[in-house]
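Here's the structure we're looking at; comments come further down.
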Amino acid sequence: ARRDRTMRRIFGAKQPAAPAPTLDEGIAKLDGRIGSLDEKIAKLDQELAGYKSQMAKLKPGTGPHNSIKQRALKVLKQKKMYESQRDHMSNQSFNMGQAQFTTQSLQDTVTTVAAMKQANVAMKAQFKNIKIDDIEDMQDDLSELLEMNNEIQESLGRSYDVGDVDESELEDELDALGEELAMDSAAPSYLGAAVPTTEPQGMESPQALGAQY
């Protein structure tokens with residue numbers, strides 16, 4: 001125990017372990033590092049383009065040309081190193097993404113299975129309250145009621161017998177009706193009731209009265 005206290009005093013107490021990073025955190029961290037490497041590679045490309053432009057203006061084999069060439073080779077080597085690191089991290093990020101997708105798919109599957117189990121239990125409980133015999137009896141009753149309704153409708157729509165009618169008498173009556181309608185339509189409109197021309201009995205005309213006076 002004394003030795004443990006001495007070790008803790010020298011090295012400090014043991015700290016609790018940090019929680020393991022999640023896949024989202026790991027992917028985000030790798031993507032950030034990949035972006036940083038892309039920026040460095042872009043800067044090296046610009047630097048190589050400048051060296052290439054300078055070398056094109058110098059005669060190959062001369063001191064200045066060889067000096068610039070060596071610097072360009074150094075930059076190119078650094079670029080290759082960054083590209084290798086970026087590709088390695090890209091593969092790691094892809095693998096982590098696949099693991100994340102698989103994990104999420106498994107979680108969705110577990111959720112789906114649990115929901116289906118719950119639905120299965122609910123369906124079984126509901127089917128216990130349903131009897132197929134009752135449904136068939138209900139269908140039979142409905143069929144009988146519909147058949148009775150059809151019979152009632154047919155009975156209500158039945159025509160009544162008004163007795164035998166001589167068709168020749170009906171034709172004569174129809175012809176006579178047509179002649180009356182023709183005569184009414186042929187009469188002039190200005191012909192009205194006849195106006196009496198004689199004076200009513202017991203009354204004298206104005207001329208006779210004037211002659212008396």
Original post:
Hey, what else clusters with Phe94 if you join Ile, Leu, Val, Met, Phe, Trp, Tyr whenever side-chain heavy atoms sit under 4.5 Å?
Top reply: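 Reading the cluster by chain and number, Phe94 sits alone, since nothing else belongs.
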Original post:
When clusters are formed from ILVMFWY side-chain contacts under 4.5 Å, directly or step by step, what else is grouped with Phe101?
Top reply: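 Hydrophobic cluster check, Phe101: no partners found.
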Original post:
Nearest heavy-atom pair of Ile130 and Ile135: which atoms, and what distance?
Top reply: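 Scanning both residues completely, I find the closest heavy atoms to be CG2-CD1, 3.6 Å.
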**OP:** Provide the closest heavy-atom pair for Ser93 versus Asp31 in the form atom of the first, atom of the second, distance.
**Re:**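 The pair with the smallest heavy-atom distance is OG-OD1, 3.1 Å.
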**OP:** Report the residue from Gln85, Gln78, Lys80 that forms a side-chain hydrogen bond (donor to acceptor under 3.5 Å, both in side chains) with Tyr82.
**Re:** Gln78
I'd like to know if the side chain of [X] and the backbone of [Y] have a donor-acceptor N/O pair within less than 3.5 Å.
X: Thr109; Y: Ser105; answer: yes
X: Glu154; Y: Glu151; answer: no
X: Thr102; Y: Gln98; answer: yes

Can you sort out the partners of [X] under side-chain hydrogen bond (donor to acceptor under 3.5 Å, both in side chains), two or more places apart, ordered by chain and number?
X: Gln104; value: Asp108
X: Asp137; value: none
X: Lys69; value: none
X: Asp87; value: none

**OP:** Could you name each residue pair satisfying side-chain hydrogen bond (donor to acceptor under 3.5 Å, both in side chains) that touches residues 32-44, not counting sequence neighbours?
**Re:** Asp38-Arg86
**OP:** Sort and list the pairs that fulfil side-chain hydrogen bond (donor to acceptor under 3.5 Å, both in side chains) and have at least one residue in residues 114-131, not counting sequence neighbours.
**Re:**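 Counting only pairs at least two positions apart or across chains, no side-chain hydrogen bond (donor to acceptor under 3.5 Å, both in side chains) contact touches residues 114-131.
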Do [X] and [Y] come within less than 4.5 Å of each other through their side chains, counting heavy atoms only?
X: Val110; Y: Gln107; value: no
X: Arg71; Y: Ser67; value: yes
X: Leu73; Y: Gln70; value: yes

**OP:** Output all residues satisfying salt bridge (charged side-chain N to carboxylate O under 4.0 Å, His left out) with Asp45, sequence neighbours left out; order by chain, then residue number.
**Re:**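 Salt bridge (charged side-chain N to carboxylate O under 4.0 Å, His left out) check on Asp45 returns Lys79.
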Original post:
Of Ile27, Leu30, Ile34, which meets side-chain contact (heavy atoms from CB on, under 4.5 Å) against Gln92?
Top reply: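 Of the listed residues Ile27, Leu30, Ile34, the side-chain contact (heavy atoms from CB on, under 4.5 Å) partner of Gln92 is Leu30.
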**OP:** Have a look at Leu37 and tell me which of Met89, Met81, Glu83 forms a side-chain contact (heavy atoms from CB on, under 4.5 Å) with it.
**Re:** Met89
Name the atoms and distances for all side-chain donor-acceptor pairs under 3.5 Å in residues 138-148, with sequence neighbours left out.
none

Please tabulate, for the side chains in residues 54-66, all donor-acceptor contacts under 3.5 angstrom to protein atoms that are two or more places apart in sequence or on a different chain.
residue: Thr62; atom: OG1; partner: Lys59; partner atom: O; Å: 2.7
residue: Asn66; atom: ND2; partner: Gly61; partner atom: O; Å: 3.3
residue: Asn66; atom: ND2; partner: Thr62; partner atom: O; Å: 3.2

Original post:
Distance from Met96 atom CE to Thr22 atom OG1, nearest 0.5 Å?
Top reply: 8.0 Å
Original post:
To the nearest 0.5 Å, how far apart are CD1 in Ile132 and CZ in Phe127?
Top reply: 9.5 Å
**OP:** Check side-chain contact (heavy atoms from CB on, under 4.5 Å) between Asn95 and all other residues, then give those that pass, not counting sequence neighbours.
**Re:** none
